[in-house]
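Excluded from the calculations below are hydrogen atoms, water molecules and symmetry mates; all remaining heavy atoms, backbone and side chain alike, are included.
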Amino acid sequence: MEPAHKKSRPTAAELNLLRVLWQLGDATVKQVHEAMLPERPDLSYATVLRQMQVMHGKGMLTRDESERSHVYAPAQRQKSLQATLLKDLIQKAFSGSGKALVMAALRHHVTQEEKDEIRRLLHGDER
């Protein structure tokens, strides 16, 4: 049977919380809440706590309960989740074509500086 985090795709709010945890490393609810406040000053501690509990229940987070304040960590590495989500996007939006995804990104979502960097990478000049 597949682990729960493989079946359940994170919502936008869950992805935001995961980004914070990937940046912080293992953290308490309080630490995550404080890290999220600059972008979301209206966000309550109780909301972060509940979201992290739900994500733990879905298998997206692990929880160390050995201390008074529980310490949470992502159950999946950032690059692994990104690869899974990208694969899903390519299948759903681009009929399985990675080339179509790249071409759409290059046409509409990449700056000239980023295109130059990609060009250097493709030509083996990774300065």
A.B. asks: How would you list all residue pairs meeting side-chain hydrogen bond (donor to acceptor under 3.5 Å, both in side chains) that involve residues 93-108, not counting sequence neighbours?
C.D. replies: none

A.B. asks: Using every non-hydrogen atom in the two residues, find where Pro38 and Ala35 come nearest and quote the distance to one decimal.
C.D. replies: CD-O, 3.4 Å

A.B. asks: Can a salt bridge be assigned to the pair Arg9 and Glu14 using a cut-off of 4.0 Å between side-chain N and carboxylate O?
C.D. replies: no

A.B. asks: Could you measure the distance from the CG atom of Asp116 to the OG1 atom of Thr111? Nearest 0.5 Å is fine.
C.D. replies: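 The CG atom of Asp116 sits 8.0 Å away from the OG1 atom of Thr111.
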
A.B. asks: Is any side-chain heavy atom of Gln76 closer than 4.5 Å to a side-chain heavy atom of Thr84?
C.D. replies: yes

A.B. asks: Check whether Glu34 reaches the backbone of Gln31 with its side chain - one donor and one acceptor, N or O, closer than 3.5 Å.
C.D. replies: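 Checked: no pair found.
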
A.B. asks: Are there over 12 heavy-atom neighbours, none belonging to Lys115, within less than 6.0 Å of that residue's NZ?
C.D. replies: yes

A.B. asks: May I ask you to decide if Leu43's main-chain N or O and His33's side chain share a donor-acceptor pair within less than 3.5 Å?
C.D. replies: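 Here the side-chain-to-backbone pair exists.
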
A.B. asks: Can you establish whether the number of heavy atoms outside Glu117 located under 6.0 Å from its atom CD is more than 12?
C.D. replies: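 At most 12 heavy atoms, drawn from other residues, nucleotides or ligands, come within 6.0 Å of this atom.
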
A.B. asks: Check whether more than 12 heavy atoms from other residues, nucleotides or ligands sit under 6.0 Å from atom CD of Glu65, and answer yes or no.
C.D. replies: yes

A.B. asks: Identify the two heavy atoms, one from Tyr72 and one from His56, that lie closest to each other, and give their separation to 0.1 Å.
C.D. replies: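 Shortest heavy-atom contact: CE2-CB, 4.1 Å.
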
A.B. asks: Might you point out which heavy atoms bring Gly59 and Ala75 nearest each other, and give the distance in Å?
C.D. replies: O-CB, 3.2 Å

A.B. asks: Return the set of residues passing side chain to side chain donor-acceptor pair (under 3.5 Å) with Asp26 (not counting sequence neighbours), or none when no residue passes.
C.D. replies: none

A.B. asks: Restricting to non-hydrogen atoms, name the atom on Leu101 and the atom on Phe94 that form the minimum distance, rounded to 0.1 Å.
C.D. replies: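 Taking every non-hydrogen atom into account, CD1-CE1, 3.4 Å.
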
A.B. asks: Given Val71 and Thr62, is the side-chain contact (heavy atoms from CB on, under 4.5 Å) satisfied, shown in steps?
C.D. replies: CA-CA 8 Å; Val71 176; Thr62 62; over 6 Å; no

A.B. asks: Might you point out which heavy atoms bring Val32 and Val20 nearest each other, and give the distance in Å?
C.D. replies: CG1-CG1, 4.1 Å

A.B. asks: If I take atom CD from residue Glu114 and atom CD1 from residue Ile118, how far apart are they, to the nearest 0.5 angstrom?
C.D. replies: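 Reported to 0.5 Å precision, the distance equals 6.5 Å.
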
A.B. asks: So do the side chains of Ser69 and Lys30 get within less than 4.5 Å of each other, counting heavy atoms only?
C.D. replies: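 Counting from C-beta outward, Ser69 and Lys30 never come under 4.5 Å.
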
A.B. asks: Counting only heavy atoms not in Glu113, do more than 12 fall under 6.0 Å of its CD?
C.D. replies: no

A.B. asks: Any side-chain hydrogen bond (donor to acceptor under 3.5 Å, both in side chains) involving residues 37-51? Give me the pairs, sequence neighbours left out, ordered by first then second residue.
C.D. replies: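 The answer is Ser44-Thr47.
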
